[in-house]
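Values below: all heavy atoms of this structure, side chains included; hydrogens, waters and symmetry mates excluded. Counting convention: from 1, in listed order, for ligands and their atoms alike. This is a predicted model, so every value here is computed, not measured. For the single chain, residues carry numbers from 1 onward in sequence order.
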Amino acid sequence: MNTSHSVDVLVVGGGATGAAAAYDLARRGMRPLLVEQLDLSTGTSGRYHGLLHSGGRYAVRDLETAAECIVENQVLRRIAPFAIEDTGGLFIATPDDPADFPERWLAGCRTAGIPTESITAAQARTQEPALTPRITAAYRVPDGSCDSFDLIHAFVEATRALGGDALIYHRVRDLIREGDAVVGAHLEDTRTGERRTVSAACVLNAAGPWAGVVAGLAGLDVGIKFDRGAMIAMNTRWVNTIVNRLRPADDGDILVPVGTVCVLGTTSVHTDHPDDYRIEAWEVSKILSEADVVVPGIRHGRALRAWAGVRPLYEPPEAGHDDAEGREVKRTFSVIDHAQRDGVRGLVTVVGGKLTTCRLMAEQAVDVVAAQLGNEARCTTAGDPLPGPHAPRYHQLGGRLHKLEHGELPGELICECEMVTRAQLEAAIDAYGDQPVALDDLRRDLRLGMGPCQAGFCSYRAAGILQQKKGHTGPDTVEAFGAFVDERFRGVRPLLWGHQLRQMYLDELIYRRTLGLDQLAEQPTEEPAHA
Ligand SMILES: Cc1cc2nc3c(=O)[nH]c(=O)nc-3n(C[C@H](O)[C@H](O)[C@H](O)COP(=O)(O)OP(=O)(O)OC[C@H]3O[C@@H](n4cnc5c(N)ncnc54)[C@H](O)[C@@H]3O)c2cc1C
């Protein structure tokens, strides 16, 4: 069946940029429809390092990005504190790092407006006892960690409250061109195959690393380079502050405490594909050995999970950096007005940047859309906190435990690692209404299965509750359960030694042997219980 409807602006991509853009459009009185081919934040925004940048990382080589980061760091703290943990950040130099770098870095921070506080090695080690004693310089900066799932959901909920809408599991298959204008798109439901047509006065392409593919659907060429980075989550918070190496940006020089884990990363590897999520063995050893320089012993700790994300790197031809690759390419962003660049109205592309700068990227892209549509409203997204039932304060690591202990989270625990209760799980399932929901969607909603056992103990409980609520046990349910377990295992595979190998073997015994997951998938379909 092909249904059709009409909106003011079709936003392609349910990552941080698309979600922030949909919210901005709705606040300026335009009617946006956000479409995401999978679930919200399944692209780069769900595969990132988790750092709300102070900008310190870019203070020497990329001042523009550094200045954008510190401004947007303050804005996100104001409008979405619930998605941010105010961990603070440290930049640490060791005798292995270039001796002249701290001075150059301090000068860059001053120019970009990044506040720094010089502290002694002893103060740094009092704050973070796991740090190396070999510290030659240490500075505090206002880094934080940011839960992209919470941030993106809040942008989308606020968009809906303002009359916009979002469709997940819908892919833009084609952009519809009439002469020199893009006037809409053909969408496909990626779960049912159902098609629909949307006409739109403008399409905002916020498809991250796939932005070139989406522009290609209108016959346009956006030359994007791809750069892959791997990250590793350790099973505890080795540090409670973000720790950066005070040296020119390189592999494995950041440790980010996020939720119950500590994320180490990242690498920078050229790739030709936007969805190349490979992790090579050298990346794992490099990340662990570099982190070990600042936190001795960490490489012998228990590594929980590894994943990779792909950075879309774009420099406009006028920048004249055609040969730049990887870390040489600036991390700022570009808004491409295809009416100006290619003579094609109705399409605007926004690409590059950081999750920290997603709101600013959205603002500048929506400015171009608004100009094309004759909308003169100003951007107001930097001012008010995001509406919704969010706490008006920073996220606290102990928040869920506090609620459990004070009876504010009733019901039995389903995921012990991340403290997810049955009541939370049922409420999250109910929020999907008649729409299908997979365990992996619930993982992103609640952090289900993201702790040390990597869903070893909660998957079968959650699958049972999902089956009770949705009332069917067809092969699609079993297949989705299998896919969830496989996806969790995939992230563990590059890290199989020590305790994690034991955990993986235990999980295999639970799922493949005791529950017979592989055989279940081969059994004939059961009729839906309430058919
Ligand atoms: C390894 C790594 C580490 C990083 N660490 C940090 C960090 O610590 N801090 C920070 O601030 N930034 C970090 N970044 C950068 C940050 O992750 C990105 O800037 C940000 O997530 C980009 O968001 P986005 O919305 O532009 O793209 P994405 O999140 O990739 O969203 C694009 C979306 O478009 C969807 N899509 C694509 N094609 C279609 C289609 N045809 N139809 C419908 N939907 C489609 C995709 O499924 C995807 O969800 C990191 C990036 C990488 C790769």
Side-chain angles (χ1 to χ4, degrees), residues 10-22 33-55 57-58 65 68-69 72-73 76 89 143-146 148-149 151-152 155 166-175 185-190 203-217 226-232 242 244 251 254-256 258 263 265-269 271 274-277 279 283 287 306-314 331-333 349-359 361-362 365 444:
L10 181 73
V11 181
V12 188
T17 313
L33 172 67
L34 175 78
V35 283
E36 164 54 48
Q37 60 186 350
L38 297 168
D39 192 9
L40 295 174
S41 62
T42 38
T44 325
S45 301
R47 302 182 148 271
Y48 89 129
H49 206 156
L51 172 51
L52 179 74
H53 284 280
S54 59
R57 184 163 173 73
Y58 304 108
T65 303
E68 285 167 0
C69 282
E72 290 302 306
N73 173 308
L76 286 185
D143 284 337
S145 68
C146 177
S148 59
F149 302 137
L151 180 67
I152 291 170
F155 277 135
L167 276 177
I168 56 172
Y169 292 101
H170 279 75
R171 175 179 300 130
V172 171
R173 285 177 56 94
D174 280 309
L175 291 175
H186 295 299
L187 311 184
E188 180 184 27
D189 184 323
T190 47
V203 174
L204 174 47
N205 171 12
W210 299 272
V213 179
V214 170
L217 299 176
F226 305 108
D227 187 72
R228 199 184 71 211
M231 288 141 286
I232 298 174
I242 284 153
N244 306 266
D251 290 343
I254 311 182
L255 295 86
V256 182
V258 186
V263 181
T266 174
T267 49
S268 173
V269 185
T271 171
D275 34 21
D276 174 5
Y277 296 141
I279 298 167
E283 293 179 89
I287 291 172
W307 68 96
V310 174
R311 306 173 182 91
L313 303 180
Y314 175 79
R331 294 299 194 252
T332 187
F333 61 91
T349 294
V350 53
V351 65
K354 306 296 300 174
L355 191 122
T356 306
T357 57
C358 66
R359 193 216 58 85
M361 294 169 66
R444 282 181 289 272

Is any NZ, NE, NH1 or NH2 atom of the basic residue among Lys354 and Glu72 found under 4.0 Å from an Asp or Glu carboxylate oxygen of the other? no
Per-residue contact class, Met361 against ligand 1 - non-hydrogen pairs under 4.0 Å: neither
Which ligand 1 atoms does Gly50 reach within 4.0 Å, using its non-hydrogen atoms? 8 (O)
Any donor-acceptor pair under 3.5 Å from Ser148 side chain to Ser45 backbone: yes
Is there a heavy atom in Met231 that sits closer than 4.0 Å to ligand 1? yes
Once you restrict to heavy atoms under 4.0 Å, what part of Leu217 touches ligand 1? Side chain, backbone, both or neither. neither
For Ala206, which part has a heavy atom under 4.0 Å from ligand 1: side chain, backbone, both, or neither? backbone
Just by distance, with hydrogens left out, do Ser54 and Asn73 show a side-chain donor and acceptor under 3.5 Å apart? no
When only distance counts, is Thr356 in polar contact with ligand 1, meaning an N/O pair under 3.5 Å? yes
Provide the number and element of each atom of ligand 1 under 4.0 Å from a heavy atom of Val12. 40 (C), 42 (N), 43 (C)
Counting each atom of ligand 1 from 1 as listed, which ones have a heavy atom of Gly43 under 4.0 Å away? 29 (O), 30 (O), 48 (C), 49 (O)
At a 4.0 Å cut-off, with the gap strictly under it, does some heavy atom of Leu38 reach an atom of ligand 1? no
Candidate with minimal heavy-atom separation from atom 6 (C) of ligand 1, of Tyr169, Tyr48, Trp210: Tyr48
Checking the side chain of Thr266 only, and the main-chain atoms of Met231 only, is there a donor and an acceptor separated by less than 3.5 Å? no
Closest protein heavy atom to atom 14 (N) of ligand 1, given as residue, atom name and distance to 0.1 Å: Lys354 NZ, 3.7 Å
The option among Gly229, Gly208, Ser45, Gly15 carrying the non-hydrogen atom nearest to atom 22 (C) of ligand 1 is Ser45
Ignoring hydrogens and geometry, is there a side-chain-to-backbone donor-acceptor pair from Thr190 to Gln37 under 3.5 Å? yes
Roughly how far, to the nearest 0.5 Å, is the CD atom of Glu36 from the CD1 atom of Ile152? 9.0 Å
I'd like to check which ligand 1 atoms, numbered from 1 as shown, lie under 4.0 Å from a non-hydrogen atom of Leu51. 7 (C), 8 (O), 9 (N), 10 (C), 11 (O)
What atoms of ligand 1 come within less than 4.0 Å of a heavy atom belonging to His53? 7 (C), 9 (N), 10 (C), 11 (O)
For the backbone of Thr332 and the side chain of Thr65, can you confirm whether one donor and one acceptor N or O come within less than 3.5 Å of each other? yes
N/O separation below 3.5 Å, Leu355 to ligand 1: yes
Could you tell me whether Thr17 and ligand 1 have an N or O pair separated by under 3.5 Å? yes
Output the distance between atom CG (Leu52) and atom OG1 (Thr356), rounded to the nearest 0.5 Å. 5.0 Å
Does even one non-hydrogen atom of His170 get within less than 4.0 Å of ligand 1? yes
Do any nitrogen or oxygen atoms of Gly353 lie less than 3.5 angstrom from nitrogen or oxygen atoms of ligand 1? yes
Nearest protein heavy-atom contact for atom 53 (C) of ligand 1: which residue, which atom, what distance? Arg311 CG, 3.2 Å
Identify the closest protein heavy atom to atom 34 (O) of ligand 1: which residue and atom is it, and at what distance? Gly13 CA, 3.2 Å
Side-chain heavy atoms of Leu151 within contact of Leu355, under 4.5 Å: yes
Going by the 4.0 angstrom heavy-atom rule, the piece of Thr44 near ligand 1 is both
Decide whether an N or O pair under 3.5 Å exists between His49 and ligand 1. yes
So, Thr267 and Glu283: side-chain donor and acceptor under 3.5 Å apart, yes or no? yes
Side chain to side chain, Tyr169 and Asp39, heavy atoms closer than 4.5 Å: yes
So for ligand 1, is Pro209 a polar contact partner (N or O within less than 3.5 Å, distance only)? no
Taking C-beta and beyond as the side chain, do Leu204 and Val350 meet within less than 4.5 Å on heavy atoms? yes
Nitrogen or oxygen of Arg171 less than 3.5 angstrom from that of ligand 1: no
dist Phe226:CZ -> Asp276:CG (nearest 0.5 Å) comes out at 10.5 Å
Side chain of Asn205, backbone of Ala211: donor and acceptor closer than 3.5 Å? yes
Nearest heavy atom to atom 40 (C) of ligand 1: which of Thr266, Val172, Ile152 does it belong to? Val172
Which atom of Ala185 lies closest to which atom of Leu10, heavy atoms considered: CB-CD2, 3.5 Å
Do Asn244 side-chain atoms and Ile254 backbone N/O form a donor-acceptor pair below 3.5 Å? no
Point-to-point distance, once rounded to the nearest 0.5 Å, from CG of Leu255 to NE2 of His49: 7.0 Å
Give the atoms of ligand 1, by number and element, whose distance to some non-hydrogen atom of Val35 is under 4.0 Å. 43 (C), 44 (N)
With heavy atoms and a 4.0 Å threshold, my read on which part of Val213 contacts ligand 1 is neither
Does any N/O atom on Gln37 come nearer than 3.5 Å to any N/O atom on ligand 1? yes
Any N or O of Glu36 closer than 3.5 Å to N or O of ligand 1: yes
